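The next block holds one structure in the form of structure tokens; read it before the comments.
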Amino acid sequence: MASHKPMLRSLGGNRRVCRNLFGPVDRDQLRIEYQAALREDLDEVSKRWGFDFKSDKPLESSDFKWEGIPETGVPLLYRSCVLAVGQSEGLRLADRVVLTKRVRMEKENIPQTPEKCAMELEGLERTPEKGDKAGLKRKQTNITDFYQTKRRVVWMPRKSGE
Amino acid sequence: MELYCLESDTAVKAQSDPNILYDERVLQSLLTIEDSFLPQCSYFQQVQKDIQPYMRRKVAGWMHEVCEAENTNQDVFPLAINYLDRFLAVMPTRKNYLQLLGAVCIFLAAKLKDCRPLSAEKLCVYTDNSITPRELLDWELVVLGKLKWNMASVIPNDFIEHIMRRLPLPKDKQAMVRKHSLTFIALCATDDCLAMNPPSMIATGSMAAAICGLQLDHNDQRLSRDDLMDLLAKITSTEVDCLRACQEQIERVLASSLQQGQQYRPDTGVRGGSKSREQQDQSSTPTDVRDVNL
């Protein structure tokens, strides 16, 4: 408990609010019920859309007619690889992990390897150089990092105070 | 050219937008869609086996304390309670998970309404670390799924400005009426009996209770109890009887909460700061909001 004390203080010294209301939580049970709840949700949307999202295949009986298209034809966001972007600001691009759990499953119509996909993501996610160089400490960006400053030609006489 | 950033830590609230406030369609739309965000049933009888009404009060009280301690936006707490009720109306839940669920609901509501969302870690500390950030994030997904990602619920707070500008309130009293109404709305959210009322009803009842409590009818006959009821019923197109019943229920909840507040007063040092602040501008309130122990 001692390790929580500094954190508690940072919460405004409000210790009475920090309390457990209904006793200990059964972690394993919680995990099982979490997975069951997600499975239930997935079954529901599978039924709704007539599509098995686990195997990435349309269901036999479906209100929809599904058509396969090459993965390159859809925006990056919808492709089957999960990118776990580092949450902390200090994490460099190179340290980011690309998970390919769904891609590893057999798919007949993917011309692209996950590595390729990852590279493209890197390109897309690249922030202005200043941010990269700054490393751990993030500096507030100026608008001039994104646009070049242009001298404004003033046709009208300026108002006083401008 | 240099751009300066003058933002500080204190959250600056946007002013109300006259385009939204003075357009009749907005209130009408709110009234039309509000029912779709109500819990689907009264869940204590129909869905839940393990959860009793007093447990909801307990978790709601704790959620309010967390929101207060974190000084979240006023919309966060009622919105979080809306998520909680809607979730409990569709998914049988163990009582041991109720606090986890409460934390998830605050987490989600703060993301939607606060300019400084609460971190998962912080919320876990508030549960005395009985849950982990991982579990909180896992269940966030479950709650989102069960609520069908319909997170922009209509809450009583959404009606306050719309109702207020249609009432003949003296300008100098508006801030106080608003403040009291929002306090009563938060109080209503902690009460399980009021959970099934549409948000417009809660807002109207809370505002009526606030105006009556502040005795604004002394100077304006139009704000007397009966006239006010008629006016409010017209604004939100509700039955006067329903409205009156709702206001009376709110006043009962308020009275019992005042009683509790008096019983437990010695150990409420936590709220000392906010109390003394309120004391300055609420001295004229007969139903003494200063003592409300939410």
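What you are looking at is a predicted structure, and each value in this text was computed from that prediction instead of being measured.
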task = Can you tell me which residue pairs pass the side chain to side chain donor-acceptor pair (under 3.5 Å) test with a partner in residues 89-110 of chain B, sequence neighbours excluded?
result = A:E33-B:R94
message = For the interface with chain A, which of B:V59, B:T127, B:D138 has the highest count of heavy-atom pairs at distances below 4.5 Å?
response = B:D138
request  = Mind listing the closest non-hydrogen atom pair of A:A37 and B:V142 along with its distance?
outcome  = CB-CG1, 3.7 Å
ask   = So how far is it from B:I131 CD1 to A:L30 CG, rounded to the nearest 0.5 Å?
value = 9.0 Å
message = Need one label for B:M55: side chain, backbone, both or neither, based on atoms under 4.5 Å from any heavy atom in chain A.
response = both
ask   = Do other residues, nucleotides or ligands put more than 12 heavy atoms under 6.0 Å from B:Q74 CD?
value = no
message = Can you confirm whether more than 12 heavy atoms, excluding those of B:Q40, are under 6.0 Å from its CD atom?
response = no
inquiry  = What residues of residues 39-52 of chain A make heavy-atom contacts with chain B at a cutoff under 4.5 angstrom?
reply    = A:E40, A:D41, A:E44
note = So side chain to side chain donor-acceptor pair (under 3.5 Å) across residues 49-59 of chain B, not counting sequence neighbours, yields B:Y43-B:R56, B:R56-B:D85, B:R57-B:D192
request  = Considering non-hydrogen atoms only, spot the tightest contact between A:V25 and B:S130 and give its length.
outcome  = CG2-O, 4.0 Å
query = Which bit of B:K146 is near chain A, if near means a heavy-atom gap under 4.5 Å: side chain, backbone, both or neither?
reply = both
ask   = Should A:R27 and B:T132 count as side-chain neighbours, where that means a heavy-atom distance under 4.5 Å?
value = yes
key: side-chain contact (heavy atoms from CB on, under 4.5 Å) partners of B:D35, counting only residues at least two apart   = B:L38, B:P198
query = Which value, rounded to the nearest 0.5 Å, describes the distance between A:L21 atom CG and B:Y126 atom OH?
reply = 14.0 Å
query = Within a radius of less than 6.0 Å around CD of A:E60, do more than 12 heavy atoms belonging to other residues, nucleotides or ligands occur?
reply = no
